[in-house]
Amino acid sequence: MSKTVFITGGSGGIGSAAVRTFAGAGYNVAFTYNKNEAAAKALSAEIPGSLSLRCDVTDGESVKTAVNAALTHFGKIDVLINNAGIAEQILFTDITENRWDRMLDTNLKSCFLTAKAVIPQMISRKSGLVINVSSMWGITGASCEVHYSAAKSGVIGLSKALAKELGPSGIRVNAVAPGVIDTPMNSHLDENAMSMLKEEIPLGKIGRPEEVAGAMLFLAENEYITGQVITVDGGMVI
Ligand code: NDP
(Lines give C-alpha, C1' and ligand atoms only; values in the text may rest on other atoms or scores of the structure.)
Protein backbone atom coordinates (compact mmCIF):
# COMPACT_ATOMS: atom_id res chain seq x y z
CA MET A 1 0.00 0.00 0.00
CA SER A 2 1.37 3.44 -0.97
CA LYS A 3 2.35 5.87 1.74
CA THR A 4 0.36 9.07 2.18
CA VAL A 5 1.78 12.52 2.85
CA PHE A 6 -0.27 15.46 4.17
CA ILE A 7 1.32 18.79 3.23
CA THR A 8 0.09 22.16 4.49
CA GLY A 9 0.56 25.20 2.27
CA GLY A 10 0.65 23.18 -0.96
CA SER A 11 -0.50 26.25 -2.87
CA GLY A 12 2.79 28.03 -2.10
CA GLY A 13 6.34 27.79 -3.44
CA ILE A 14 7.96 25.18 -1.17
CA GLY A 15 4.68 23.35 -0.53
CA SER A 16 3.93 22.84 -4.23
CA ALA A 17 7.49 21.57 -4.78
CA ALA A 18 6.95 19.12 -1.91
CA VAL A 19 3.67 17.97 -3.50
CA ARG A 20 5.44 17.29 -6.81
CA THR A 21 8.46 15.63 -5.16
CA PHE A 22 6.46 13.24 -2.97
CA ALA A 23 4.00 12.43 -5.78
CA GLY A 24 7.01 11.68 -7.99
CA ALA A 25 8.31 9.29 -5.31
CA GLY A 26 5.01 7.36 -5.38
CA TYR A 27 3.24 8.87 -2.37
CA ASN A 28 -0.47 9.60 -2.21
CA VAL A 29 -0.61 13.34 -1.63
CA ALA A 30 -3.13 15.41 0.31
CA PHE A 31 -2.29 19.08 0.42
CA THR A 32 -3.90 22.22 1.79
CA TYR A 33 -4.36 25.76 0.62
CA ASN A 34 -5.91 28.73 2.35
CA LYS A 35 -6.64 31.65 0.01
CA ASN A 36 -5.02 30.62 -3.26
CA GLU A 37 -7.65 28.25 -4.62
CA ALA A 38 -6.49 28.82 -8.21
CA ALA A 39 -2.98 27.53 -7.43
CA ALA A 40 -4.42 24.55 -5.57
CA LYS A 41 -6.73 23.67 -8.47
CA ALA A 42 -3.90 23.91 -10.98
CA LEU A 43 -1.68 21.70 -8.83
CA SER A 44 -4.33 19.04 -8.29
CA ALA A 45 -4.97 18.98 -12.03
CA GLU A 46 -1.22 18.47 -12.56
CA ILE A 47 -0.97 15.65 -9.96
CA PRO A 48 -3.66 13.05 -10.71
CA GLY A 49 -4.99 11.37 -7.58
CA SER A 50 -3.92 14.20 -5.28
CA LEU A 51 -6.42 15.65 -2.84
CA SER A 52 -6.53 19.40 -2.31
CA LEU A 53 -8.25 20.70 0.80
CA ARG A 54 -8.99 24.19 2.02
CA CYS A 55 -7.68 24.70 5.53
CA ASP A 56 -6.81 27.61 7.79
CA VAL A 57 -3.94 26.20 9.84
CA THR A 58 -4.58 28.67 12.67
CA ASP A 59 -8.02 27.16 13.31
CA GLY A 60 -8.24 23.80 15.09
CA GLU A 61 -11.64 22.89 13.62
CA SER A 62 -10.49 23.69 10.08
CA VAL A 63 -7.37 21.54 10.61
CA LYS A 64 -9.39 18.61 12.02
CA THR A 65 -11.81 18.76 9.08
CA ALA A 66 -9.01 18.71 6.51
CA VAL A 67 -7.08 15.93 8.27
CA ASN A 68 -10.21 13.80 8.64
CA ALA A 69 -11.03 14.28 4.94
CA ALA A 70 -7.53 13.06 4.03
CA LEU A 71 -7.84 10.09 6.41
CA THR A 72 -11.22 9.15 4.95
CA HIS A 73 -9.87 9.43 1.40
CA PHE A 74 -6.49 7.68 1.81
CA GLY A 75 -7.00 5.59 4.97
CA LYS A 76 -3.91 6.86 6.82
CA ILE A 77 -1.33 9.63 6.94
CA ASP A 78 2.27 8.38 7.05
CA VAL A 79 4.03 11.74 6.71
CA LEU A 80 2.86 15.14 7.95
CA ILE A 81 4.64 18.17 6.53
CA ASN A 82 3.90 21.42 8.36
CA ASN A 83 4.93 23.90 5.70
CA ALA A 84 2.25 26.64 5.69
CA GLY A 85 3.61 29.90 6.99
CA ILE A 86 3.85 33.65 6.70
CA ALA A 87 6.71 36.12 7.07
CA GLU A 88 6.90 39.84 7.65
CA GLN A 89 9.73 42.34 7.94
CA ILE A 90 8.91 44.96 10.52
CA LEU A 91 10.62 46.84 13.33
CA PHE A 92 10.15 45.28 16.75
CA THR A 93 8.58 48.52 17.99
CA ASP A 94 5.90 48.25 15.27
CA ILE A 95 4.86 44.67 16.06
CA THR A 96 1.38 44.87 17.56
CA GLU A 97 -0.13 42.14 19.72
CA ASN A 98 -2.34 41.15 16.78
CA ARG A 99 0.62 40.84 14.42
CA TRP A 100 2.49 38.78 17.04
CA ASP A 101 -0.46 36.42 17.50
CA ARG A 102 -1.00 36.03 13.74
CA MET A 103 2.68 35.20 13.20
CA LEU A 104 2.87 32.71 16.08
CA ASP A 105 -0.49 31.12 15.24
CA THR A 106 0.32 30.62 11.55
CA ASN A 107 3.89 29.39 11.94
CA LEU A 108 3.91 27.62 15.33
CA LYS A 109 0.44 26.90 16.71
CA SER A 110 -0.36 25.37 13.31
CA CYS A 111 2.27 22.67 13.94
CA PHE A 112 0.63 21.87 17.27
CA LEU A 113 -2.86 21.73 15.74
CA THR A 114 -1.96 19.47 12.82
CA ALA A 115 0.14 17.20 15.04
CA LYS A 116 -2.80 16.83 17.46
CA ALA A 117 -5.04 15.81 14.55
CA VAL A 118 -2.61 13.49 12.73
CA ILE A 119 -0.53 11.82 15.44
CA PRO A 120 -3.16 9.58 17.14
CA GLN A 121 -3.44 7.32 14.05
CA MET A 122 0.37 7.26 13.81
CA ILE A 123 0.58 6.11 17.45
CA SER A 124 -1.97 3.35 16.73
CA ARG A 125 0.18 2.14 13.81
CA LYS A 126 3.47 2.75 15.70
CA SER A 127 4.81 4.47 12.62
CA GLY A 128 4.98 7.96 11.17
CA LEU A 129 7.03 11.03 10.37
CA VAL A 130 6.46 14.71 11.02
CA ILE A 131 8.51 17.32 9.17
CA ASN A 132 8.14 20.88 10.43
CA VAL A 133 9.36 23.79 8.34
CA SER A 134 11.42 26.20 10.41
CA SER A 135 13.88 28.74 9.00
CA MET A 136 17.53 29.68 9.36
CA TRP A 137 16.16 32.70 11.27
CA GLY A 138 14.78 30.27 13.83
CA ILE A 139 18.39 29.27 14.51
CA THR A 140 20.19 32.62 14.31
CA GLY A 141 17.40 35.20 14.80
CA ALA A 142 16.82 37.99 12.26
CA SER A 143 16.69 41.71 12.81
CA CYS A 144 13.25 43.12 11.91
CA GLU A 145 11.75 39.62 12.10
CA VAL A 146 11.52 39.10 15.86
CA HIS A 147 8.06 37.48 15.80
CA TYR A 148 9.00 35.28 12.80
CA SER A 149 12.30 34.24 14.41
CA ALA A 150 10.54 33.43 17.70
CA ALA A 151 7.92 31.32 15.89
CA LYS A 152 10.52 29.43 13.86
CA SER A 153 12.68 28.82 16.97
CA GLY A 154 9.55 27.48 18.61
CA VAL A 155 9.12 25.09 15.68
CA ILE A 156 12.57 23.67 16.41
CA GLY A 157 11.85 23.26 20.14
CA LEU A 158 8.53 21.60 19.39
CA SER A 159 10.17 19.25 16.88
CA LYS A 160 12.94 18.14 19.25
CA ALA A 161 10.61 17.63 22.21
CA LEU A 162 8.08 15.69 20.12
CA ALA A 163 10.89 13.55 18.67
CA LYS A 164 11.86 12.49 22.21
CA GLU A 165 8.28 11.85 23.30
CA LEU A 166 7.16 10.00 20.17
CA GLY A 167 10.33 8.03 19.35
CA PRO A 168 9.21 5.11 21.54
CA SER A 169 5.96 5.04 19.52
CA GLY A 170 7.90 4.60 16.28
CA ILE A 171 7.28 8.18 15.16
CA ARG A 172 10.07 10.45 13.93
CA VAL A 173 9.97 14.24 14.04
CA ASN A 174 12.42 16.47 12.19
CA ALA A 175 12.63 20.06 11.01
CA VAL A 176 14.02 21.67 7.88
CA ALA A 177 15.42 25.18 8.12
CA PRO A 178 15.53 26.82 4.68
CA GLY A 179 17.64 29.85 3.91
CA VAL A 180 16.60 32.27 1.16
CA ILE A 181 14.42 30.32 -1.27
CA ASP A 182 12.93 31.61 -4.51
CA THR A 183 9.19 31.60 -3.71
CA PRO A 184 6.30 34.09 -3.60
CA MET A 185 7.24 34.74 0.05
CA ASN A 186 10.31 36.63 -1.21
CA SER A 187 8.63 38.29 -4.21
CA HIS A 188 8.68 41.67 -2.40
CA LEU A 189 12.50 41.70 -2.52
CA ASP A 190 13.85 43.70 -5.48
CA GLU A 191 16.89 42.76 -7.54
CA ASN A 192 19.19 44.89 -5.41
CA ALA A 193 18.03 43.24 -2.17
CA MET A 194 18.41 39.79 -3.77
CA SER A 195 21.96 40.47 -4.95
CA MET A 196 22.91 41.76 -1.48
CA LEU A 197 21.51 38.57 0.03
CA LYS A 198 23.41 36.44 -2.50
CA GLU A 199 26.66 38.06 -1.36
CA GLU A 200 26.03 36.75 2.15
CA ILE A 201 25.40 33.18 0.98
CA PRO A 202 28.58 31.06 0.75
CA LEU A 203 27.24 29.20 -2.30
CA GLY A 204 26.40 32.58 -3.86
CA LYS A 205 22.90 31.74 -5.03
CA ILE A 206 19.28 31.70 -3.92
CA GLY A 207 17.82 28.27 -3.15
CA ARG A 208 15.11 26.55 -5.16
CA PRO A 209 11.92 25.14 -3.60
CA GLU A 210 12.79 21.71 -5.07
CA GLU A 211 15.98 21.68 -3.00
CA VAL A 212 13.98 22.04 0.21
CA ALA A 213 11.51 19.39 -0.98
CA GLY A 214 14.47 17.09 -1.71
CA ALA A 215 15.62 17.42 1.92
CA MET A 216 12.09 16.50 3.05
CA LEU A 217 12.12 13.36 0.91
CA PHE A 218 15.58 12.50 2.26
CA LEU A 219 14.13 12.66 5.79
CA ALA A 220 11.23 10.46 4.71
CA GLU A 221 13.57 7.85 3.28
CA ASN A 222 16.09 7.68 6.14
CA GLU A 223 14.33 5.97 9.00
CA TYR A 224 17.06 6.41 11.65
CA ILE A 225 16.96 10.22 11.66
CA THR A 226 14.88 11.98 14.28
CA GLY A 227 15.01 15.21 16.28
CA GLN A 228 17.23 16.90 13.69
CA VAL A 229 17.17 20.26 11.98
CA ILE A 230 18.37 20.07 8.37
CA THR A 231 19.44 23.46 7.04
CA VAL A 232 18.96 24.01 3.30
CA ASP A 233 20.54 27.42 3.01
CA GLY A 234 23.61 27.44 0.75
CA GLY A 235 25.81 27.65 3.84
CA MET A 236 24.26 30.71 5.52
CA VAL A 237 24.26 28.93 8.89
CA ILE A 238 27.47 27.02 9.46
P1 NDP B 1 4.63 30.94 0.10
O2 NDP B 1 4.20 32.31 0.48
O3 NDP B 1 4.96 30.61 -1.30
O4 NDP B 1 3.55 29.88 0.61
C5 NDP B 1 2.97 29.97 1.89
C6 NDP B 1 1.90 28.90 2.01
O7 NDP B 1 1.34 28.97 3.33
C8 NDP B 1 0.75 29.10 1.03
O9 NDP B 1 0.36 27.85 0.55
C10 NDP B 1 -0.36 29.70 1.89
O11 NDP B 1 -1.66 29.38 1.44
C12 NDP B 1 -0.08 29.01 3.20
N13 NDP B 1 -0.69 29.71 4.34
C14 NDP B 1 -0.39 30.95 4.80
N15 NDP B 1 -1.22 31.25 5.83
C16 NDP B 1 -2.03 30.18 6.00
C17 NDP B 1 -3.09 29.87 6.89
N18 NDP B 1 -3.52 30.73 7.84
N19 NDP B 1 -3.69 28.66 6.78
C20 NDP B 1 -3.30 27.80 5.84
N21 NDP B 1 -2.31 28.02 4.97
C22 NDP B 1 -1.69 29.20 5.05
O23 NDP B 1 5.87 30.66 1.06
P24 NDP B 1 7.06 29.59 0.98
O25 NDP B 1 6.72 28.45 0.13
O26 NDP B 1 8.29 30.35 0.72
O27 NDP B 1 7.12 29.15 2.52
C28 NDP B 1 6.78 27.86 2.98
C29 NDP B 1 7.38 27.68 4.36
O30 NDP B 1 8.80 27.80 4.28
C31 NDP B 1 6.92 28.73 5.37
O32 NDP B 1 6.71 28.09 6.63
C33 NDP B 1 8.10 29.68 5.45
O34 NDP B 1 8.16 30.36 6.67
C35 NDP B 1 9.25 28.71 5.27
N36 NDP B 1 10.48 29.36 4.83
C37 NDP B 1 10.55 29.99 3.59
C38 NDP B 1 11.72 30.60 3.20
C39 NDP B 1 11.85 31.31 1.89
O40 NDP B 1 12.91 31.97 1.67
N41 NDP B 1 10.90 31.24 0.98
C42 NDP B 1 12.90 30.61 4.09
C43 NDP B 1 12.72 29.92 5.33
C44 NDP B 1 11.54 29.31 5.68
P45 NDP B 1 -2.50 30.34 0.43
O46 NDP B 1 -1.50 30.98 -0.48
O47 NDP B 1 -3.41 29.39 -0.26
O48 NDP B 1 -3.25 31.33 1.28
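Remember, it's 1-based here, ligands and their atoms both numbered in the order they're listed. Any value given below was found using the heavy atoms of this structure, including those in side chains, with hydrogens, waters and symmetry copies removed. Computed from a predicted model, the values in this text were never measured in an experiment.
Between D233 atom CG and I139 atom CD1 the span is 7.5 Å, to the nearest 0.5 Å. Rounded to the nearest 0.5 Å, atoms CD (E200) and CE (M236) are 5.0 Å apart.
Near ligand 1, G9, S11, G12, G13, I14, Y33, N34, K35, N36, C55, D56, V57, T58, N83, A84, G85, I86, T106, V133, S134, S135, Y148, K152, P178, G179, V180, I181, T183, P184, M185, N186 each place a heavy atom less than 4.0 angstrom from the ligand.
Partners of E199 according to the side chain to side chain contact (heavy atoms under 4.5 Å, CB included) rule, which considers only residues two or more places apart in sequence or in another chain, do not exist here.
Judged purely by distance below 3.5 Å, without hydrogens or angles, the side chains of N132 and N82 pair a donor atom with an acceptor atom. Side chain to side chain, N98 and T96 fail the donor-acceptor criterion of an N or O pair below 3.5 Å.
Under 4.0 Å is where a charged nitrogen must lie from a carboxylate oxygen, and between D101 and K109 no such pair does.
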